[in-house]
Amino acid sequence: MSVLIFIDQSDGHVKKSSLEAITYGADIAKQLGIAAEGIVLGTVSDDLTALGKYGISKIHQVNNNALDHVDAQLYAKIIAEAVTLSGAKILVFSHNQTGKAVAARVAARLKAGIVSGACALPDTSNGFVVKKTVFSGKAFANISILSDIKVISLNPNSYQTIAGEGIATIADLNITVAPSRIKVTAINKVSGEIPLTEADIVVSGGRGLKGPENWGILLDLAKELGAATACSRPVGDAHWRPHHEHVGQTGVQVAPNLYIAIGISGAIQHLAGVNRSKVIVVINKDAEAPFFKAADYGIVGDAFEVVPQLTAAIKKMKASV
Amino acid sequence: MKILVCISKTPDTTAKIAFTDGNTKFDEANVQWIINPYDEWYSLVRAIELKEKDAAVSIHLITVGNADSEPIIRKALALGGDEAIRVNSNSNDAYFIATQIASIANEGGYDLIFTGKETIDYNGSSIGGMIAELTDAPFISLATKFELVGTTATITREIDGGEEVADVILPLVVSCQKGVAEQRIPNMRGIMAARTKPLKVVEPTDADTLSSIISFELPPAKAGVKLVAADNVSELVRLLHEEAKAI
Ligand SMILES: Cc1cc2nc3c(=O)[nH]c(=O)nc-3n(C[C@H](O)[C@H](O)[C@H](O)COP(=O)(O)OP(=O)(O)OC[C@H]3O[C@@H](n4cnc5c(N)ncnc54)[C@H](O)[C@@H]3O)c2cc1C
Ligand SMILES: Nc1ncnc2c1ncn2[C@@H]1O[C@H](COP(=O)(O)O)[C@@H](O)[C@H]1O
């Protein structure tokens, strides 16, 4: 019996959200007194043995470049086989893009109950109950998984990674990979940008910025902070910003350590995508903007004056520490 | 060419989130039900567009829900589906729901199955992948563009830090999000036509329930906003650095 953690990689690098999943899975294993192992698919350039410091002893790898693109069908088949081979009873994914494609598919294949979007360790005192966010972050549900094998996918940015000591052994999994029915013809990565769902800090703008030509002040602030950029839905709809930046109930859901909202009113549908952020800062010229009710810090003022000053003050602070 | 569009019902996006029965049930009093936005705005509209281009396309809608789901499925028919199936069950378990849809999909011989990216109430992002597994079809998740030429679909999907374009030969399951289509409003003709479109109610097939909701919790209330004067931004920087430890 063990916990098996799916280690997600892109371009050969292990994702930050996977380190969270590994720490989380290793903590479940500790709680139950069982082993924690990982599985990685495709070719990886990172040193996988170093992942031992997050609490796993062994990593199964299918080192085959046919798996460098996510094909949920192939992935599910291989992961399910690895579960059977390793005797794992608990399977952990990150609830990132790959997890959203693969985790439920594996669960259906193994006839395992799934909790996706988990945000805390399971309660194993009476059954197996996992807490997850529901209603787009407006509430939590405690879900009991009733099957023998259990699948959990963990919300990114909701579990602290802890690096200790340890080296993992790598075991080549000898599984034949069927040809993919998905033919990837192009990959467009927004180079240099920080993926929104993995970012520690997100700087986001709304209709209060008046037009795309005014985004410079926001981009400067984001650059100074090493932050990803986001926007409200009307801003995406008006093509002031690319649609993948739209956060909220019907856009991307983010949970960074810091979310800075500039010229966004804070409509309930917007909050639904950002309310899992640890710290929220709101800059809005209207003191009555609903966003202030959901904020930790706020400035009532004109973004065009406040934001450049904020960027300068951060630069100054960084220079002094 | 047959398309199956999965339609789920969710509380209106402004609904008050509250719980009853000792926090074990979602409080449905005064809740306005809507079609899950991902199903309505993106997957259903894209299916309708495919039919507008090619009259040989037929669109079937499916929902797993109790009688409360009827207005939702009628609205979806008004937007443009040809016929609808309601599986009469109120289950919340993804495996149970997906098994129902897959069993109808396997019988119906669909070329294409659309789901939304996730439901905005339980946020599972699970049903699409499960249907694909249970029907042994490829699955493309988080699609932002969908084009079809003959039996080859060209799909753009969101990946970590960007997007990926891929060709897949039907049959196929796709979960849709923003970008795939633009929201539409049903017109009077559609609403009238929907009244006479077939809506079949079937009882669920046997399937296991692999999870159950034990209880709900609301997040702790925020302590209240700390306001900093607009001419004192360095104080905000100090607070974010020293107090919140966020920068
Ligand atoms: C079903 C549904 C789903 C939706 N999903 C989403 C979603 O996912 N995400 C989303 O964002 N929205 C969503 N919406 C839309 C949402 O209801 C709001 O309309 C939207 O969030 C408002 O965007 P905004 O705050 O940028 O614009 P506005 O509401 O117009 O707010 C602009 C703000 O900028 C402030 N401002 C103006 N000038 C300045 C200045 N110079 N300096 C500082 N502040 C200034 C104003 O005081 C105001 O508060 C959804 C709506 C529906 C019905
Ligand atoms: N009860 C249901 N009946 C029909 N389709 C559903 C149901 N629940 C979910 N779906 C579909 O699956 C998608 C993802 O839902 P979920 O996996 O629950 O987040 C939704 O957008 C719907 O398209």
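Chain identifiers are assigned alphabetically (A, B, ...) following the order of the sequence lines, protein sequences preceding nucleic acid strands; residue numbering begins at 1 within each chain. What you see is a predicted model; the values in this text were computed from it and never measured.
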Interface residue of largest heavy-atom contact number with chain B, from Ala186(A), Gly301(A), Gly113(A), Ala107(A), under 4.5 Å: Ala186(A)

Those residues that, when tested against Phe114(B), pass ring-ring contact (aromatic ring centres under 6.0 Å, His included) (two or more places apart): Phe146(B)

Under 4.5 Å from a heavy atom of chain A, the part of Tyr38(B) involved: side chain

Separation of Ser212(B) OG from Asn142(A) CG (nearest 0.5 Å): 11.0 Å

Pairs of heavy atoms under 4.5 Å with chain A: top-ranked of Gly162(B), Ser211(B), Ala98(B): Ser211(B)

Most contacts with chain B, counted as non-hydrogen pairs under 4.5 angstrom, among Asp200(A), Thr197(A), Ile187(A): Ile187(A)

Closest approach of Ala139(A) to Pro219(B) (non-hydrogen atoms, all atoms of both residues): CA-CD, 3.9 Å

Heavy-atom pair count under 4.5 Å with chain B, highest-scoring of Ala294(A), Gly117(A), Ser153(A): Ala294(A)

Distance-minimising heavy-atom pair for Ser136(A) and Asn123(B): N-OD1, 2.8 Å

Lys138(A) side chain vs Lys16(B) backbone, donor-acceptor pair below 3.5 Å: no

Chain A contacts, top residue of Ile159(B), Leu134(B), Leu218(B) (heavy-atom pairs, under 4.5 Å): Ile159(B)

Spacing of Glu235(B) atom CD and Tyr297(A) atom OH [to the nearest 0.5 Å]: 9.5 Å

Nearest-0.5 Å distance, CE of residue Met317(A) to CG of residue Leu240(B): 8.0 Å

Portion of Ile145(A) that has a non-hydrogen atom of chain B nearer than 4.5 angstrom: both

Interface moiety of Glu305(A) toward chain B, non-hydrogen atoms closer than 4.5 Å: neither

Pair Gln249(A)-Thr13(B), side-chain hydrogen bond (donor to acceptor under 3.5 Å, both in side chains): steps then yes or no: CA-CA 8 Å; Gln249(A) 184 128 44; Thr13(B) 54; 4.7 Å; no

Which portion of Val281(A) sits near chain B, non-hydrogen atoms under 4.5 angstrom: side chain

Part of Ser125(B) lying under 4.5 Å from any heavy atom of chain A: both

Ile169(B) CD1 to Lys183(A) NZ distance, which is reported to the nearest 0.5 Å: 8.5 Å

Region of Asn96(A) that comes under 4.5 Å of a non-hydrogen atom in chain B: neither

Nearest non-hydrogen partners of Ile182(A) and Ala166(B), listed with the distance: CG2-CB, 3.5 Å

Pairs of heavy atoms under 4.5 Å with chain A: top-ranked of Ile127(B), Thr10(B), Asp136(B), Thr119(B): Asp136(B)

Proximal component of Ala101(A), with respect to chain B [non-hydrogen, under 4.5 Å]: both

Expected output: side-chain Ser116(A) to main-chain Gly124(B) donor-acceptor under 3.5 Å: yes

From CA spacing to verdict: side-chain contact (heavy atoms from CB on, under 4.5 Å), Lys178(B), His246(A): CA-CA 9 Å; Lys178(B) 190 173 170 161; His246(A) 150 204; 2.9 Å; yes

Toward chain B, the part of Ile201(A) with a non-hydrogen atom under 4.5 Å: side chain

Chain B contact via Arg233(A) - which portion, at a heavy-atom distance below 4.5 Å: both

Ala227(A) portion near chain B, given a 4.5 angstrom heavy-atom threshold: neither

Under 4.5 Å from any heavy atom of chain B - which part of Lys316(A): neither

All pairs passing side-chain hydrogen bond (donor to acceptor under 3.5 Å, both in side chains) where residues 148-161 of chain B contributes a residue, at least two apart: Gln97(A)-Glu158(B), Thr154(B)-Asp167(B), Arg157(B)-Glu164(B), Glu158(B)-Gln177(B)

Residue part contacting chain B, namely of Thr133(A), when any heavy atom lies under 4.5 Å: backbone

Intermediate values then yes/no, side-chain contact (heavy atoms from CB on, under 4.5 Å), Val225(B) and Asp296(A): CA-CA 4 Å; Val225(B) 61; Asp296(A) 300 284; over 6 Å; no

Closest approach of Arg105(A) to Pro138(B) (non-hydrogen atoms, all atoms of both residues): NH1-C, 3.9 Å

Ala230(B) to Ile299(A) - nearest heavy-atom pair and separation: CA-CG2, 3.6 Å

Side chain / backbone / both / neither for Leu225(A) at chain B, heavy atoms under 4.5 Å: side chain

Contacting region of Ile140(B) [heavy-atom separation from chain A under 4.5 Å]: side chain

CZ on Phe135(A) to CG on Asp121(B), rounded to 0.5 Å: 5.5 Å

Nearest atoms (heavy-atom pairs only) where Ala108(A) meets Tyr95(B): O-CE1, 4.0 Å

Among His244(A), Lys278(A), Gln253(A), Lys293(A), residue most engaged with chain B (heavy-atom pairs, under 4.5 Å): Gln253(A)

Residue that, paired with Glu133(B), satisfies salt bridge (Lys or Arg N to Asp or Glu O under 4.0 Å) out of Lys77(A), Arg109(A), Lys111(A): Arg109(A)

When Pro256(A), Ala76(A), Ser144(A) are compared by non-hydrogen pairs under 4.5 Å with chain B, the top option: Ser144(A)

Contact winner vs chain B - Lys318(A), Glu198(A), Lys189(A), heavy-atom pairs under 4.5 Å: Lys189(A)

Derivation of the side-chain contact (heavy atoms from CB on, under 4.5 Å) call for Glu182(B) and Asp237(A): CA-CA 10 Å; Glu182(B) 300 270 347; Asp237(A) 284 352; 5.8 Å; no

Contact origin within Lys131(A) toward chain B - heavy atom pairs under 4.5 Å: side chain

Flag, side chain of Lys117(B) to backbone of Gly251(A), donor-acceptor distance under 3.5 Å: yes

Atom pair CD1/CG of Ile149(A) and Leu210(B) - distance to nearest 0.5 Å: 11.0 Å

Verdict with supporting geometry, Ile143(A) and Ile214(B), side-chain contact (heavy atoms from CB on, under 4.5 Å): CA-CA 6 Å; Ile143(A) 314 258; Ile214(B) 303 291; over 6 Å; no

Heavy-atom contact with chain A under 4.5 Å, split by part of Ala153(B): neither

